[in-house]
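See below for the structure under consideration.
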Amino acid sequence: MKIVFATNNKHKLEEVSAIVGDSVEIVSLAEIGCHDDIPETGSTLEENALQKARYVWDHYHLPCFADDTGLEVEALNGAPGVYSARYAGGEGHDSEANMAKLLKELGDTSQREARFRTVIALILPSEGSQAQSAEHFFEGIVEGEITRERSGSTGFGYDPIFRPKGYNQTFADMGAEEKNHISHRARATQKLAEFLLR
């Protein structure tokens, strides 16, 4: 089976391909000739993931999935949430600026509980019809806390300041293999893989 992952993020593609394995061929947006900046204007992770997947389906009519991930910090009432990638403002995904803003807003508070949540929206052709589509959602959550300082050099995004529950390392301290076993994206992708391979 060949399926489009609505991203050109190399890290995400590697993570997901490693979890899904060889039975499903995951291709990027670039590989299907899509270089558009797909809008993400939803107010929830579910809306954003579905918006990206629908864009690929509507324009290319290929089986596809898209994800959206948010870091939800308890002391900040769930922020940055759906705005995690653009938390510090600006157009790009500036991880350093996003982490700096988050650490500044938390300050010295001891309440540092947080969770990463990934939602995957999958669109497949309906049985017996290429024109119709069926939509499915998969969610992965990992609980943890925000550290006071950055640690580690692997991963991306908020990985250097997020320590998953039950571990004494941040995501950025872990190797890809260890992180792929427990991460939010891994958990959502595992559900996606089970669904695709059933």
Side-chain angles (χ1 to χ4, degrees), residues 5-7 9-20 40 42-53 65-88 92-106 109-122 136-194:
F5 184 6
T7 187
N9 182 314
K10 192 168 141 292
H11 295 292
K12 283 188 186 183
L13 285 159
E14 284 169 1
E15 250 182 53
V16 170
S17 295
I19 293 162
V20 173
E40 292 179 60
S43 57
T44 65
L45 299 176
E46 288 79 2
E47 285 175 14
N48 273 350
L50 188 56
Q51 187 176 20
K52 289 185 279 187
F65 67 93
D67 76 322
D68 200 22
T69 294
L71 175 64
E72 300 170 343
V73 181
E74 211 170 289
L76 302 177
N77 298 314
V82 73
Y83 305 108
S84 294
R86 305 177 297 279
Y87 192 43
H93 296 201
D94 187 339
S95 297
E96 283 302 316
N98 288 338
M99 284 190 285
K101 179 177 180 181
L102 184 62
L103 291 172
K104 186 179 176 189
E105 293 205 347
L106 279 177
T109 182
S110 58
Q111 192 190 353
R112 306 185 83 81
E113 295 84 0
R115 67 179 191 166
F116 263 123
R117 191 163 70 92
T118 291
V119 174
I120 293 175
L122 168 71
H136 310 272
F137 287 96
F138 308 92
E139 182 184 65
I141 292 172
V142 62
E143 303 285 348
E145 64 178 355
I146 303 300
T147 57
R148 293 179 184 274
E149 293 174 357
R150 296 167 179 74
S151 178
S153 57
T154 64
F156 56 100
Y158 294 91
D159 285 359
I161 60 169
F162 182 82
R163 181 164 50 223
K165 205 171 186 175
Y167 290 80
N168 56 14
Q169 295 177 303
T170 66
F171 269 162
D173 285 318
M174 296 178 180
E177 199 173 327
E178 188 176 5
K179 181 189 168 187
N180 280 349
H181 277 302
I182 63 163
S183 81
H184 43 294
R185 187 172 296 105
R187 289 173 179 177
T189 303
Q190 200 61 55
K191 293 176 186 175
L192 169 73
E194 285 164 13

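FYI, side chains are in, hydrogens and waters are out, and symmetry mates aren't considered; it's all heavy atoms of this structure. What you are looking at is a predicted structure, and each value in this text was computed from that prediction instead of being measured. One-based numbering along the sequence shown.
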Taking every non-hydrogen atom, the tightest pair across [X] and [Y]:
X    : Y    : result
V142 : R187 : CA-NH1, 3.7 Å
A114 : F162 : O-CE1, 3.9 Å
A66  : A53  : CB-N, 3.6 Å
E139 : K191 : O-NZ, 2.6 Å
E40  : R86  : O-NH2, 4.1 Å
T69  : R185 : OG1-NH2, 3.5 Å

Pick out which of I19, L13, V20 makes a side-chain contact (heavy atoms from CB on, under 4.5 Å) with V16. V20
Heavy-atom side-chain proximity of [X] to [Y] below 4.5 angstrom:
X    : Y    : value
I146 : L103 : yes
E96  : R150 : yes
I182 : F171 : yes
R115 : H184 : no
E113 : E143 : no
L45  : E72  : yes
F116 : I141 : no

Under the ring-ring contact (aromatic ring centres under 6.0 Å, His included) rule, collect the residues that match up with [X], sequence neighbours excluded.
X    : result
F156 : H11
F5   : F65
H136 : F195

Does the ring of Y87 carry K101 above it, NZ/CZ under 6.0 angstrom from centre and within 45° of its axis? yes
Side-chain donor/acceptor of D159 to backbone N/O of T154, under 3.5 Å: no
Backbone N or O of V119 within a donor-acceptor pair of the D68 side chain at under 3.5 Å? no
Who are the side chain to side chain donor-acceptor pair (under 3.5 Å) partners of E145, not counting sequence neighbours? R163
What pairs with Y158 under side chain to side chain donor-acceptor pair (under 3.5 Å), at least two apart in sequence or on another chain? none
Does a donor on one side chain and an acceptor on the other come within less than 3.5 Å for T170 and D173? yes
Measuring from atom [atom1] of [X] to atom [atom2] of [Y], what distance do you get when rounded to the nearest 0.5 angstrom?
X    : Y    : atom1 : atom2 : value
K12  : D67  : NZ    : CG    : 3.5 Å
L106 : I161 : CG    : CD1   : 8.0 Å
M174 : Q169 : CE    : CD    : 5.5 Å

Which side-chain N or O atoms in residues 76-84 pair as donor and acceptor under 3.5 Å with protein atoms at least two apart or in another chain?
from: S84; atom 1: OG; to: L71; atom 2: N; distance (Å): 2.9
from: S84; atom 1: OG; to: G81; atom 2: O; distance (Å): 2.6

